[in-house]
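In what follows, a single structure is set out as structure tokens and then discussed.
Note on naming: letters A, B, ... go to the chains in the order of the sequence lines (proteins, then strands), and numbering restarts at 1 for each one. As a basis for the values below, the full set of heavy atoms in this structure was taken, side chains included, without hydrogen atoms, waters or symmetry mates.
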Amino acid sequence: MNGWRAPQELAQAQISPLCLGDYGDRARGLNAGALSSQRPSSWRMRTAHGHRLYSPYPHAQRPGSDGTPGMAAFGLAAGSGHWFSALALGVTLLKCLLIPTYHSTDFEVHRNWLAITHNLPISQWYYEATSEWTLDYPPFFAWFEYALSHIAKYFDQEMLDIHNLNYYSSRTLLFQRFSVILTDALFVYAVHECCKCIDGKRTGKDLTEKPKFVLSVLLLWNFGLLIVDHIHFQYNGFLSGLLLLSIARLFQKRHIEGAFLFAVLLHFKHIYLYVAPAYGIYLLRSYCFTASKPDGSVRWDSFSIVRVTALALIVFLVSALSLGPFLALNQLPQVFSRLFPFKRGLCHAYWAPNFWALYSALDKALCVTGLELKLLDPSQIPRASMTSGLVQQSQHTVLPSVSPSATLICTLIAILPSVFCLWFKPQGPRGFLRCLVLCALSSFMFGWHVHEKAILLAILPMSLLAVEKAGDATIFLILTTTGHYSLFPLLFTAPELPIKILLMSLFTVYSISSLRTLFRKEKPLFNWMETLYLLGLGPLEVCCEFLFPFTSWKLKYPFIPLLLTSVYCAVGITYAWIRLYASVLTGCLVSKTKKH
Amino acid sequence: MESWTWMTVVVLLGLTVRWTVSLNSYSGAGKPPMFGDYEAQRHWQEITLNLPVKQWYFNSSDNNLQYWGLDYPPLTAYHSLLCAYVAKFINPDWVALHTSRGYESQAHKLFMRTTVLAADLLIYIPAVLLYCYSLKEISPKRKIASALCILLYPGLILIDYGHFQYNSVSLGFALWGVLGVSCDWDLLGSLAFCLALNYKQMELYHSLPFFCFLLGKCFKKGLRGKGSALFIRIACTVVASFLLCWLPFLTEREHALQVVRRLFPVDRGLFEDKVANIWCSLNVFLKIKDILPRHIQIAISFCFTFLSLLPACIKLTVQPSAKGFRFTLVSCALSFFLFSFQVHEKSILLVSLPVCLVLTEIPFMSTWFLLVSTFSMLPLLLKDQLLLPSVVTVMAFLIACSTFFPMFENTSEEQLQLKSFAVSVRRHLPGFTFLPRIIQCLFLSSVITMILLTILSVTLDPPQKLPDLFSVLICFVSCVNFVFFLVYFNIVIMWDSKNGRNRKKID
């Protein structure tokens with residue numbers, strides 16, 4: 001905690017030792033570090049004039065000295081960070097209240113992994129197949145389950161029996177739920193670090209109108225994380241925490257640490273491979289090359305061998321630690337076959353709202369119209385329908401079927417422009433973050449067998465961008481609202497229906513109104529089309545979950561609500577993706593032409 | 001952000017907490033033959049739907065009063081009937097006569113929980129929001145903060161959504177009454193309060209302050225002119241609303257009497273189970289129940305109740321004010337809870353409601369009281385397997401209160417509303433400056449005792465000789481706290497106007 005002072009910041013401290021006087025509010029101190037390159041002149045001027053020496057931000061008052069009645073009323077002024085702990089504790093308590101809710105088969109998946117890692121030697125972890133839920137996460141996650149299992153045995157020994165399939169007891173439930181809640185501490189810490197990284201110049205007079213506050217709520221109270229982790233059951237909290245922490249470290253210029261955290265994260269859950277290009281290019285371009293030419297292009301002679309060796313060593317050591325034992329056992333092919341199961345279908349049982357959902361819907365529509373107009377021969381249509389609900393390979397009827405390699409190529413093509421942008425026009429950590437979100441979104445759009453939960457990979461880092469720029473806020477709001485809505489089918493049981501609707505409205509109302517307040521001086525966040533689209537989610541929910549079950553179509557076409565949800569959300573997410581891409585590319589091109 | 005979006009956020013948060021608590025177990029789940037309050041409410045739906053109004057309160061072959069016979073006023077019965085119609089529409093098995101006894105299923109639980117949420121959403125929550133908006137002299141943010149704290153009060157949530165009852169209906173009506181009366185819509189206020197009274201007879205705890213406040217208002221306007229007109233109008237409203245509610249039962253004298261007998265079951269004894277009032281606590285040392293005959297018990301409890309609430313009521317009649325009204329509501333309800341005959345542990349909610357209303361004025365004491373009130377119901381909550389939601393909601397409430405109304409910064413004499421009391425004591429005892437200090441110490445020791453007792457009763461099995469050891473201890477400790485609060489609130493009420501007069505003098 002205390003070793004966080006970045007070199008640059010220390011350099012600044014030497015300019016005026018006075019600024020070290022107030023490190024009580026570390027966040028601001030750090031902001032100064034992160035932004036020093038942008039604002040040194042005004043800062044120095046202020047110190048020279050001698051007022052507000054303690055704060056690098058002239059118009060940002062110290063917490064506690066904000067004398068507005070609203071602040072005092074909220075009592076959050078009592079001390080810096082007090083509001084943060086209230087927010088974190090509040091959401092933790094909400095998580096505890098969610099313990100008795102429905103949990104999906106992922107609960108059994110993780111119970112099974114606990115049993116496997118607890119009872120078997122490493123050599124059999126990736127071979128064991130008693131349960132259909134075999135271990136398909138990288139080794140660090142297996143070790144994580146191994147560690148958990150040694151606590152689990154004090155709760156209920158029974159859950160650690162491999163053959164005890166679908167075992168359930170209240171103690172098992174408590175243990176599993178609390179393991180998610182407690183590991184979320186890492187996420188809370190990461191959010192705390194992230195809040196230090198964002199631009200604090202847009203400070204409102206009221207605490208609740210400060211970007212830091214808004215960001216903490218957007219991340220800590222994220223609807224998607226809440227329902228996926230604490231109702232559906234998964235461990236995305238601490239994994240996202242690792243990702244955010246590594247992003248924060250890159251913002252703080254602690255590149256080695258950031259790289260290390262990301263390498264570790266990759267070996268926890270390989271889905272983060274999607275954003276690896278952003279990390280690779282950014283670290284190579286902005287860390288290994290220590291300088292740029294005046295026009296922003298790379299100076300090849302500034303390549304630092306030391307830095308690249310350090311990075312390579314870190315990545316190599318982490319990988320060796322994770323995969324080494326399996327290499328020694330000659331099991332790597334088996335591990336990889338478990339990690340990348342290409343036997344599953346293009347889309348999940350419920351289509352994730354991405355490009356392929358639109359593609360499949362188009363295919364379906366063409367098929368139906370073809371049959372109506374008698375252009376297609378019914379006998380030639382394959383039986384497997386995309387929405388039958390089973391995870392299986394399925395074929396398209398009219399449009400060409402999609403192979404895994406095709407999706408891979410599409411994904412790569414979609415990622416390339418953003419990566420090029422990052423290389424040719426590096427814009428600091430913010431440019432990197434933009435690229436990271438684009439990578440996550442592009443792979444969500446075109447990936448093979450994408451799960452709707454993967455949208456969180458884009459939503460969480462995007463929150464950081466949203467509180468800094470109005471344009472990003474618009475994209476973020478469209479992305480989160482549709483992305484979160486597309487998670488609704490995860491919870492299909494009646495008792496959870498009010499919870500998901502209430503929590504979703506809570507998050508949506510808060511995010512929209514807080515970001516609108518944050519950017520109230522700029523033009524409205526949404527145009528009429530976007531407003532209409534977002535409002536349309538309400539009627540869609542009513543139709544899908546309140547009206548449709550009472551219609552006669554329920555038995556004949558049970559998949560219609562899922563199809564509608566998926567296609568409707570796919571439109572919004574595609575739109576957000578295109579807008580984000582457009583903003584990144586124009587930013588890239590405009591600055592290029594400016595330089596010329 | 002505008003204040004209405006904050007209010008939306010607050011309401012959504014309150015609703016989320018309510019619904020997540022409702023996923024837990026309810027009273028008497030899977031415990032034949034008597035089950036619990038959940039079955040009682042379901043049984044009332046069955047009775048009101050299938051039997052004619054005449055038979056609701058009478059014992060018959062179809063209506064065994066020994067098995068959760070209807071013992072609440074008519075409005076509760078009508079509400080049950082309304083729910084029963086909906087239940088019959090969804091699944092007639094839920095309310096079938098005789099055969100539905102002890103019916104339990106996931107779908108039915110969902111239905112019952114939804115009825116509670118609907119009632120809450122229609123009656124209690126709007127009243128809370130309107131009340132917070134109508135608060136004067138505080139910033140919009142503080143209004144929102146107090147709305148959040150009131151909506152997060154764990155006692156009501158746990159009893160309504162965990163244990164299963166419809167307290168939010170009667171308390172909501174009472175709150176509408178408070179709102180009406182304090183905003184000078186006296187007729188609407190008294191109508192709302194009559195509805196509350198006709199929903200649960202326990203609302204009588206609040207009736208005296210209402211009566212005294214309205215009477216005081218009439219006196220203030222002058223008995224000759226407007227005052228008596230107002231008095232007559234209020235009286236007519238009250239009589240009319242009562243007549244309306246009791247209409248089906250007024251055809252025969254015997255019928256109405258039977259309802260009254262059902263509402264006030266005198267033969268059930270001085271107190272039931274373990275309740276944190278004086279009689280139950282005294283029972284540890286002195287078995288009053290066995291020593292004294294019943295009519296003397298009634299007389300004693302009546303006398304004590306009457307004497308303890310007399311000063312505050314007289315004061316309110318002589319000097320009616322909205323603030324005094326709220327405080328008198330607290331002290332009267334507390335007197336009733338501590339001294340009256342046949343008190344349930346859940347009746348503490350009737351005290352908690354007015355305490356919620358003074359949250360912005362005395363945040364420290366209110367928070368403390370609300371914590372103790374929830375703690376006093378711990379044996380009940382433990383019996384219903386609501387430990388986890390109880391602990392979580394209490395902590396959430398504490399965090400909300402201490403975030404918005406910093407606790408230890410608000411313990412000066414001024415903020416405890418004890419300034420004028422301390423001043424008058426200092427006339428005789430010049431060294432009397434340690435009051436805030438004492439109160440802080442009392443708070444700490446009270447909280448520590450509560451935490452310790454909670455941990456003990458959860459982890460340890462009581463000794464075989466004393467199976468009720470922990471619940472008796474909990475009641476005793478809560479009772480001591482409540483007596484302290486009774487004294488405190490009476491001091492605040494009695495010294496209030498002097499403070500005002502002093503201020504006027506200074507002005």
Counting heavy-atom pairs under 4.5 Å with chain B, which one of A/C96, A/P498, A/S514 comes out on top? A/P498
What residues of residues 380-390 of chain B sit under 4.5 Å from chain A when you count only heavy atoms? B/L388, B/P389
For A/I99, is it the side chain, the backbone, both, or neither that has a heavy atom closer than 4.5 Å to a heavy atom of chain B? side chain
Any chance the rings of A/Y485 and A/F488 have centres within less than 6.0 Å? yes
For the ring pair A/F492 and A/Y102, is the centre-to-centre distance below 6.0 Å? yes
Which region of B/L13, side chain (C-beta onward) or backbone (N, CA, C, O), has a non-hydrogen atom less than 4.5 Å from a non-hydrogen atom of chain A, or is it both or neither? both
Can we say A/E545 and A/K500 salt-bridge, meaning some charged N sits less than 4.0 Å from an Asp/Glu carboxylate O? yes
Among residues 222-233 of chain A, residues within the sub-4.5 Å heavy-atom range of chain B, in order of number, are none
Distance, nearest 0.5 Å, that separates CD1 of B/I150 from CD1 of B/I125: 12.0 Å
Heavy atoms only: give me the nearest A/G483-A/I459 pair and the separation to one decimal. CA-CD1, 4.5 Å
Please identify which of these residues, B/F111, B/Y85, B/F89, meets the ring-ring contact (aromatic ring centres under 6.0 Å, His included) condition with B/W94. B/F111
Verify, without hydrogens or angle tests, whether B/S27 (side chain) and B/D37 (backbone) share a donor-acceptor contact under 3.5 angstrom. yes
State whether the side chain of A/T183 and the backbone N or O of A/V180 hold a donor-acceptor pair below 3.5 Å, judged by distance alone. yes
Please say whether more than 12 non-hydrogen atoms of neighbouring residues, nucleotides or ligands are located less than 6.0 Å from NZ in B/K109. yes
Can you name the residues that form a ring-ring contact (aromatic ring centres under 6.0 Å, His included) with B/F35, not counting sequence neighbours? none
Contacts with chain A made by residues 392-401 of chain B (heavy-atom distance under 4.5 Å), listed by residue number: B/V392, B/T393, B/M395, B/A396, B/I399
Testing B/H163, B/H108, B/E104 for side-chain hydrogen bond (donor to acceptor under 3.5 Å, both in side chains) with B/Y38, which one passes? B/H108
